[in-house]
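Letters go in sequence order (proteins before strands), and every chain restarts at 1.
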Amino acid sequence: MSNGSDTAHESLHPNRLGQWRSLDELAGTPEFEALLQREFPERAAEWLDPVGRRAFLQLMGASLALAGLTSCSSPPSHTIVPYAKAPEDLVPGKPLFYATAFAQGGIGTGLLVESHMGRPTKIEGNPQHPASLGATDAFAQASILSLYDPDRSQTVTNGGQITTWKAFVAALTSRLAGSSGAGLCILTETVTSPTLAWQIRQLMAKYPQATWVQYDAISRDAVRQGSRLAFGEVINTVYRVERAEVVVTLGAEFLAAGPGHVRYARDFFARRRVEAAPLNRLYAVDSTPTLTGAMADHRVTVRQQDMEAIAWAFAGALGVPEAAAISASMPQAAWVAAAARDLKAHQGASLVVPGDEQPPIVHALAHAINRALGNVGQTVIYTDPIEADPADQMASLTALVANMRAGQVQTLLILGSNPVYTAPADLRFAEALDKVPFRVHLSLEADETSARCQWHLPEAHYLEAWGDVRAYDGTTTIQQPLIAPLYDGHSAHELLAVLQGDGPQDGYDIMRAYWQTRLSGEFERAWRTALHDGVVGGTALPPKTPGWKPSFAPAAQPAQVFEIIFRPDPTIWDGRFANNGWLQELPKPLTKLTWDNAALFSPATAERLGLQNEDVIELALGGHSVQAPVWILPGHPPDSVTVHLGYGRTRAGRAGSGIGFNAYLLRKSTALWSAGGVEIKKTGRALQLASTQHHQTMQGRNPVRVGTVEELKKDPHVIAEMGEAPAKDETLYPPVTNEGYRWGMAIDLGACLGCGACVAACQAENNSPVVGKEQVLLGREMHWIRVDRYYAGGPDAPETLHQPLLCQQCENAPCEPVCPVGATVHSQEGLNDMVYNRCVGTRYCSNNCPYKVRHFNFLQYSSDQPTLRLLNNPNVTVRSRGVMEKCTYCVQRINAARIRSKEDGQPIKDGEVVTACQGACPSQAIAFGNLNDPVSKVSKWQASARNYGLLAELNTRPRTTYLARLRNPNPELEKA
Amino acid sequence: MTQLFHRSTNTLARVTLFGAVFLVAGIGWGVSALLTSPYASGVGVPVEQPVPFSHKHHVADVGLDCRYCHTSVERSSFAGIPPTKTCMNCHAQLFTDAPMLEPVRASYRTGKPIPWARVHTLADFVYFDHSIHVKQGIGCSTCHGRVDQMALIWRVNTLFMEWCLECHRHPERFVRPRSEVFNMAWEPPADQAVVGAKLVTEYKIQTQTSCSICHR
Amino acid sequence: MTTTATPEPSPVIGPGYNYGSITDKISLIVLTGNTPLSWFAGFAVSFAMLQLLQLAVVWTLLFGVGTWGINIPVGWGFAIVNFVWWIGIGHAGTLISAILLLFRQQWRTSINRFAEAMTLFAVSCAGLFPLIHMGRPWFGYWLFPIPNTMGIWPQFRSPLVWDVFAVSTYATVSLLFWYVGLIPDLGTLRDRARHRLTKIAYAMLALGWRGSARHWHRYETAYLLLAGLATPLVISVHSVVSFDFAAGIIPGWHTTIFPPYFVAGAIYSGFAMVLTLMIPLRWLYRLEDFITTRHLRYMANVMLATGLIVGYGYVMEAFTVWYSGNPYESYMLLNRLTGPYAPAYWALLLCNLVIPQLLWSDRVKACVPLLFGISLVVNVGMWLERFIIVITSLHRDFLPSSWGMYSPTWVDWGLYIGTLGLFLTLLFLFIRVLPMISIFEMRTLVPTAPAPAPAPQPTPAAGD
Amino acid sequence: MATLHGVMAEFDAPETLVHAADQAYRAGYRNLDAYSPFPIEGLSEAIGFHTNRLPLLVLGGGLCGAFVGFGLQYWVSVINYPINVGGKPLNSWPAFIPVTFEVTILLAAITAVLGMLALNGLPMPYHPVFNAPRFALATRDRFFLCIEASDPLFDRSTTREFLKGLGAKEVVDVDD
């Protein structure tokens, strides 16, 4: 997607469109009516009518069943409302793109957000942003749904009573009048925002005795402590994955989560294509299954408590002085030795990556190993920390709780985070909080913490507010709003401005005030460029070489106990996305579970404990206990259980409350990521879990083909010969030719991480509904693209294979001849069109689809919730009850490109049409384009020796083909 | 045995049976007539507007070009409805106190737009793009008729799918030189068959009858 | 056909009947003043079941087919199972009337009328399902070639469109066939009815039939022609139904043997249903003299024969799987034998293959209750067969990742039981108001007396 | 007293009716008709009725159906809106066979029934023969022969005698 607007940076700035203040006003304004009238002509009334709002998941929507898709046009029935004074830069019916950034754990990824008539509808990555390069992850894709979440808090409340922002400002200022800040504490999440840090520093100056505490449930304390152990200071580590030929991960999920993972995935898989020989080689040591480990050429699973020993073993084998005395004796010794030899062979071009959740010592050892391998400066770049204040968050939070309990905290401002829910159980944060007389909580939802605070302030979503954030390498992006706050929300900046009293109060002015002096060159130009590009030039942190001040030594081997491992949930993270239907229904990459978390066991352990899938067990640890359903996960280390944080929310909203179990209740401030001695009791009950895939093996039909580099070198046909595809001319029918464009797609299974960004992107682009757990249990999920996950090999050390499956756009589509009304037929460009308004819903096409990529609106799934309608992509029909739907290669984008190309008389260039899934894919595993163009990327991919058609033996002649997964094993280990 | 029926029932019986055929046919005809009538299609039914705006006056008499008000017709799928500002460009000077124009002035004062009644509308699942049609030499009047002769606007075409298909199958019958697109008075020349065919090749117009061209 | 060369123990009609007594006995069932209580009882039950159908249909239309157990991958569930089952049952009527007529099987006379009626009702039950199983039934008319303002038409390559034509043609032709057969009997009822209104009602339906020699002549020609047309039709209909599956690529559907084996199955279940209904009725209305044990035996023979053909179908399916060595096909069979739905498959084999073998023995065929039992078993078996074909083929097809399970909801059951109600209700009404046995054809079965000596030549002169 | 339709004789066995009808025809009567509760072999021949155009009509109906059936599908799929369906040729004639066949049967069957009724002049709720007192038995167990007044040889008394002579149980006048 190209940045569609060059001059449209701030057309939405309140000062330019003064009337766009709050939703209530907005709803009255002609501009907004116009906007609604255009997109939802006959539904505007419902918008203005509050009782018209329905439940988030309306499953029995007979009301809309007969509306929506009908058969013919009707005479003029409704009015059309133009602007009174049209805004600049806005061509009715044309989308605009604005650059901004999405932050997670305080670390940003650059975005381009598509906006239709003032409604942000779709998120793309920002090609100019180093952490994105055009791609995104599932969280960023789905974050736009949170903007329109009908359960977002909409008013300022005091003690549950609706009041106003003004009233709050009055209360706060009167309270702090003349105070020195004694007893004032500001609790934020990790802050990388330069402006916010600047504001806080100013506050500290004004209120010298005030305190500032940062707390992220998914904190990177261990990383920071690790670098203190190694360097005596906090250092930010940036990997240059594209330079690494051998990578060893120590429990690291660095390709699928954490700072810069989108960029890392792209760089890593750029070295996994046969073209890009020599391939890199990945060794993974997992203490719980990770997507990164699933991509490894060699993977071992160890119990978390043995991870340190493994790290020492590597250190010893690689001549790290601190580890001179180490002689590895664990079962994985041989494996470690082999991997170590491989690392040694690639000094300066190798990389050891510790997981964020690993203990400090592992991080310290990783630093030592990279140093010993001479990787520093090559594949490992050290910079100053990106955090504004790289404090030990858990320590400061513990201190804060102590102060609160001691009654020393008088005024507590909680910005964004949800500590009542996320704070480790042993801190008993909630009851300490009650001791604070004046408690303020600024958040998107009226959540668990809001319920414990007198004052709750609706927070402005990042797409509604001004802000700035730094990326994994320090690059700063100024976040600009796409729409005026829907619900009178305010940003943290604006709240702090209130404390500051004097000075700018408005987010926009605050931003400009901070950057005024900090942008190089003439300010207005620089400001516009920064907004337009989505990056502030020259803010990437320069490399530095920290002094080596090691302060660590081998510890005694811990006693072998049954351990529990905590991890952020793969789709709802620390719980902040609990009310996000897209992420709830996005199958967790490895378990394929939706709408629930589970206690994950290895098959062997489950068998030993006599546990089945869906058994409900009681997990007890340190006096706390939770009841959790069991899910057996091949490749999980033995004698340990993994639980995902983020579920069991009580005040998340209609979608997110009361599902799953709250793993935070077992979490201790001293053992954030794993703990020993968990007790497991069976309850005899069972809980149905909504998994989207029930069969994990390939049943001897290899839908996913795998080959090693060696095999492919020996015989280029090895992949093709794994199946039998009939030749093109083996037919009695006259050949069908597509002049002009012949659209096709190829998916590189060697590069597919299985992260699910494509699924979220597709859902956002194509108005796919959320159906809810009950419907998923019935097998009625609506994702046009799904990521199948198969296991090969033994259950304890399996090979995990991912395969994105979308409509294969078969040339001999089995779905087409069976449709009685011709609702699915071929287009002149060879697309397998699906005509929703013609579909009568016999479901014959789906029965006859060998890939089962068609999805049916069994009930009225598409929501008629007014805010959610604003999210709809106006270029894609919203499907009603009784209609079949499926992937169309984002035909709306193809049509837009075709019209564009005809208007400027240029043929569509390769890469001009980017499907939603392709655009989002961090690892660039999808190629799409014109197969009639021999030099197009997709043509090249389909010409590759790894290319094969799924189920081609059925002679369906799929337009979507796959490139076989490529392994680059270490011969030494392959023999074993 | 006594006769159950009178002699006449024989004729009656046959007439009924025979008539039934025509009855069924008649009903079928009636239904299809209704479905294609102006009642269903809105063809030829002038639409009342909040302001008695006359295209006839503004186009024929004043000589405004379509694009003066429908600004985005060449750039966007949506032709564009002029903001009140556009009206005021002239009416700030002309007929400044004409009572007829009070709603317009009011709108400009208050910023409340004029709720025009929509004349040409398509179902939600039909995706029509003005810009490409205009670009490919399909004139305004081809679909909207002689707007310059309508005081109030009405539909001159049904906008039924079969109507769209006519042109998508045989563009040569309707295409005109790009220069003539906004010419209300343009009439197909006698040799349209020849000219049209030439234009079709010149403008690289394809017959687009794939479903996904209009439905997605 | 299946008539064995065994000596006839009993004729096709009881002894001592003449034109008059046959006429009276059959027409009296309809024209009687006092309806048997058993009729009211039966009708009440069926009507209650019919109400369940109403509820289920309304529910489906209101909330959508999502209230059924169907899903992806199992896009078709009970609805299609029931559709095929009912259509199959519908085949006995036309078969008996048409094919047995062409084969000059006298014994058809006493059962064809009833079987034809049964066909009509079964087909109307069947016809309901394709309509309501659609996601948007209100657009069902798009399957018919009706000129429209969209300028588009049905897609004639789709087996579902073939279905529309086959089933509607079949319904029409069966109706015509049945009605034409009724005309002379309607005349009889007209002439026998006492109440004037009844008389007029039957008279209008009889179209003024008066048994003229010319009329009989054309009538017989027309009837024979209809039989000749209906015979290939009845074969075609279930072949077309089988194409719904055979034209698909799903393992377990994509089979060339389906048409013959569906037709045989249809006849099989059709005859089973005729027996299931005939046996109680002949006992209830004392019709043992018209529907003799010989009739029952013949029907049993037909069941046995078609049952064997169906069995052959099962065997061939398995053989093809083994012979082709296609992994998907092999897994399909394995899944049927051992998968989650295996009990249904084994039950099917028991019902359709094992138990009917009892029919080899004449003693079994002579034992009416046992025959009744077997006919019930076959009905169940044939329903299971369709369940197996639809569900087990769909729920595990090509990609293991997309495999799923199917379990019906109360709406599914409601529709099934409900159509049984519709079927029986119509049947009870039929036997109450129309002759369930063709009177005029029965008359032809009366053993003819030796022709009387020709009357003396009249001479114009001689008078008396 | 209305005009006379003819005289009607009643017999109690099919054979006697056939014989009587045969005799009447030999005697030169042409406008006559026989009535029986069931079709009787050779009766219509006996009264000199041989020709039957029904089969030809049905053949016509069938052919017409075949043409319409295939024609419709061909026009729709090849001429009216040619579109690529699953890579199959536009004229997928094998797929068009079922519908063609069904339409053929349908039209043929309808022709057969309507043709039969039309040629028989049905419906005809009123017919003079119904005036005959015992004619109701014609649909039960009695057999009637009626010689119509329109016949040139018809003479009320002689015809009555003639019929009596054929072994009729009873002979009555039938008013028109």
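Contacts between A:Tyr851 and chain C at a heavy-atom distance below 4.5 Å involve backbone atoms as well as side-chain atoms. With a 4.5 Å cut-off on non-hydrogen atoms, C:Phe243 touches chain A through its backbone but not through its side chain. Using a 4.5 Å cut-off between heavy atoms, A:Ser846 contacts chain C through its side chain alone, with no backbone atom that close. Proximity to chain A is absent for every atom of C:Trp162, based on heavy atoms less than 4.5 angstrom apart. Neither the backbone nor the side chain of C:Ile80 comes within contact range of chain A, judged by heavy atoms closer than 4.5 Å. If you measure heavy-atom distances from A:Pro850 to chain C, the contacts under 4.5 Å come from both the backbone and the side chain. With a 4.5 Å cut-off on non-hydrogen atoms, A:Glu816 touches chain C through its backbone but not through its side chain.
Of the listed residues C:Ser407, C:Pro73, C:Gly404, C:Gly69, the one with more heavy-atom pairs under 4.5 angstrom with chain A than any other is C:Pro73. When C:Asp244, C:Asp163, C:Val74 are compared by the number of non-hydrogen pairs under 4.5 Å with chain A, C:Asp244 comes out ahead. Ranking C:Trp68, C:Trp153, C:Trp76 against chain A, the residue ahead of the rest is C:Trp76, based on heavy-atom pairs under 4.5 Å.
The shortest side-chain heavy-atom distance between A:Leu859 and C:Val65 does not fall under the 4.5 Å cut-off. For the pair C:Ile70/A:Phe856, no side-chain contact is recorded, criterion being any heavy-atom separation below 4.5 Å from C-beta on. Taking 4.5 Å as the limit, some side-chain heavy atom of A:Tyr790 sits within range of a side-chain heavy atom of C:Leu399. Between C:Leu160 and A:Val818, every side-chain heavy-atom pair lies at or beyond the 4.5 Å cut-off. Looking at C:Trp138 and A:Val840, their side chains never come closer than 4.5 Å, going by heavy atoms from C-beta outward. No side-chain heavy atom of A:Arg843 sits less than 4.5 Å from a side-chain heavy atom of C:Met134. Under the 4.5 Å side-chain criterion, counting only non-hydrogen atoms from C-beta, C:Gln155 is not in contact with A:Val821. The closest side-chain heavy-atom distance from A:Arg786 to C:Ser402 is below 4.5 Å.
The side-chain tip of A:Arg701 points at the ring of C:Tyr331 from less than 6.0 angstrom away and within 45° of straight on.
The closest side-chain donor-acceptor pair between A:Gln699 and C:Tyr328, if any, does not fall under 3.5 angstrom. Side-chain contact check for A:Tyr844 and C:Ser158: no donor-acceptor pair (N or O, by modelled atom type) lies under 3.5 Å.
For the atom pair C:His254 NE2 and A:Leu954 CG, the distance stands at 9.0 Å (nearest 0.5 Å). Between A:Lys852 atom NZ and C:Phe398 atom CZ the span is 8.0 Å, to the nearest 0.5 Å. Once rounded to the nearest 0.5 Å, the distance linking CZ of A:Arg838 with CZ of C:Phe139 reads 10.0 Å.
C:Asn71 places no side-chain N or O within donor-acceptor distance of the main-chain N or O of A:Arg780, the cut-off being under 3.5 Å.
At a heavy-atom separation below 4.5 angstrom, chain A is approached by C:Leu394, C:Arg396 within residues 384-396 of chain C.
The six-membered or imidazole ring of C:Trp403 lies near that of A:His695, with a centre-to-centre distance under 6.0 Å.
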